[in-house]
Amino acid sequence: MCGIVAYIGNKQAQPIVIKGLKRLEYRGYDSTGISYFDEDVLHTLKTAGKVSDLQAILTNTPENGATIALGHTRWATHGVPNDVNAHPQTSNSGNLVIVHNGIIENYASLKKELQYRGFTFQSDTDTEVLINLIQDVQDKEKVKLGKAVQIALSQVVGAYAIVVFDRQKPNELVAARLGSPLAIGIGENEFFVASDATPFVEYTKNVIYLEEEHLAIIRRNKAIKIRKIKDDLEVEPYVEKLQLSLEKIQKGGYDHFMLKEIFEQPTAIKDTLRGRLLSQEGVITLSSLREHENRFLKAKRILIVACGTSWHAGLVAEYLIEDFTRIPVEVEYASEFRYRNPIIYPDDVVISISQSGETADTIAAINIAKEKGAFVYGICNVVGSTISRITDTGCYTHAGPEIGVASTKAFTTQITVIALIGLYLGKANGTLSRSQYQEYVIELESLPDKVESIFASQSYIKQVAASFETSQNCIYLGRGYNFPVALEGALKLKEISYIHAEGYPAAEMKHGPIALIDKEMPVVVIATKKGYYEKVVSNIQEIKSREGRIIAIVSKGDIQVKELADYCIEIPDSSESFVPILSTIPLQLLSYFIAVKRGCNVDQPRNLAKSVTVE
Ligand code: AGP
């Protein structure tokens, strides 16, 4: 996710764009830049860091009266965050600049083609490929900018929201979108283009939310023209009235970033799979695995190091990778691993999992593994983070910025990457049959829709939450793949609502925790159909006979558990190995609504930081 702001009108453009970028920093903040056209000169200033760093650079440049500008705050997906990879990106001619939010999946083949025709590239970005593709079309077809953008986009596979400027046509901006949002603000003789409406909310209440695969030609003092990219039809712009407050818009209309991030999960999982899963062809493309396939296939053991929620994803990985590949997997808390003189063999593969890529304990564990000669694979969300740089290779989750301290979309996208790895290796070493592999691949693609369908239970989950608002303790139980989910559910509840919560494997109840059950004790049981359903039903009966209050997460159409539990939240059926991606969603919502009811600071719980960079 990145933030885009552009302005064309009669005001000084630079301050409007900078202020707008600051409002969009929730979308990404690892590097930033601006282009403005002043007295026939196109100026582009870029820097790694936040918008305030760009502002500091701008204060040292002469005042300018530019009335057209475009800016970007980046969340890196291709290339580390640095000045060169920051946007705007410029075409070889120096005439075209672009800001882009999204991922061009076929950028490598397009780049090769352009290089063959003499284009050169300064950055590692897919965006620089796109702007040169637009220039190439312009050069060859001798068409106007809008048409050139349209032709170029029809060759692109992936997701984009873009704004393009051509210094030879200084009174025009071209904007287009597919898969990433763009809002166009319409003021008095002025237009704004941005990733959401926050950058222009004080200037105009008239907004066009650009539709999927639409392109807008925005000319100074002229009416906006909108065209469909594919079938080249002109469409009537649909102007809406903005009604949201500034704060709400930054959170996409949600009350908290955590809630927004919970609801982003279908898209985040799609982004994780984008370009890596071709379900019809039955192909998984993970270049990091393909290049190092032998390291994995020859490994006697895979060790996973992580902390917190990422460690819970590691536990899911243990079950899944062992099931799919029969390679033994061990999961370690990075904070323990680093201090306990672990045995590591040179032919071990170590997988580190981290949302931030900056967790100090995980970094230390990686360094130990490397010192002992192991091959280290990193699963990270933040592009260019320390872990992504110090690991031998790895894979980004592409979940977009996670701002709420409580991890949500990071967890489900980490498991998605793990599923890709498990399937890839299972196929490569023959432990998954062709038909099993194909079934899993197809199911993986259906997960975003299944996650989406769970949101229909939102108001019911809110009601359930209201009954547990005053609880002091809570137990979470699950078996097999749902055991890590029980741990994760308990962690979510304690960190944002300050209710003491513990997760256990359901069968461990009888070894102690069952003593805690009485009519005051809420027990959340994950009792989905596949796996150890009958056993979990027995565990529920044990709780019931001790008067515990049962909240059950069940598969759609369940009958048995519904007769026993006080509350049942249904999720779609899925194979056992993918169930954590679904069963965790109601638990995230439950914690969220309980915390809100208790008046807690959901996005910034006490004593916690988003990334723990100290020991
Ligand atoms: C989970 O909600 C927490 N924010 C925390 O446990 C987190 O998962 C842990 O600190 C690890 O962070 P990382 O994924 O950025 O390494």
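In each ligand, atom 1 is the first atom listed, and ligand 1 is the first ligand listed.
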Heavy-atom distance to atom 12 (O) of ligand 1: which of V405, T309, T359 wins?
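Looking at heavy atoms only, T359 sits closest to atom 12 (O) of ligand 1.
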Of the choices S356, S407, C380, S310, which has the non-hydrogen atom that lies closest to atom 14 (O) of ligand 1?
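It is S310 that holds the nearest heavy atom.
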Would you say the side chains of T412 and Q265 form a donor-acceptor pair under 3.5 Å?
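Yes - a donor-acceptor pair under 3.5 Å links their side chains.
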Spatial distance of atom OG (S453) from atom CG (L582) [nearest 0.5 Å]:
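S453 OG to L582 CG: 7.5 Å, rounded to 0.5 Å.
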Of the options I366, I363, V350, which is the one that meets T391 in a side chain to side chain contact (heavy atoms under 4.5 Å, CB included)?
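The option that passes is I366.
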How far is [atom] from the closest protein heavy atom, and which atom is that?
{"atom": "atom 10 (O) of ligand 1", "result": "V612 CG2, 4.0 Å"}
{"atom": "atom 9 (C) of ligand 1", "result": "C307 O, 3.8 Å"}
{"atom": "atom 3 (C) of ligand 1", "result": "E495 OE1, 3.6 Å"}

Ligand-residue contact atoms, ligand 1 with [X], heavy atoms, under 4.0 Å:
{"X": "Q355", "value": "13 (P), 14 (O), 15 (O), 16 (O)"}
{"X": "K492", "value": "1 (C), 2 (O)"}
{"X": "A406", "value": "2 (O)"}

Output yes when a side-chain donor or acceptor of T272 lies under 3.5 Å from a complementary backbone atom of Q414, and no otherwise.
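No.
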Run the contact test for E358 against ligand 1 with a 4.0 Å cut-off on heavy atoms, strictly below, and give the result.
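Outside the 4.0 Å threshold, so no.
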Between D566 and R549 (salt bridge meaning N to carboxylate O under 4.0 Å), is one present in this structure?
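Here D566 does not pair with R549 in a salt bridge, since their nearest N and O are not under 4.0 Å apart.
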Would you call the rings of H292 and F375 parallel, tilted or perpendicular if under 30° counts as parallel and over 60° as perpendicular?
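Ring orientation, 0 to 90° scale: tilted.
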May I have the step-by-step check of salt bridge (Lys or Arg N to Asp or Glu O under 4.0 Å) for D573 and K556, ending in yes or no?
CA-CA 6 Å; D573 200 18; K556 214 170 186 56; over 6 Å; no
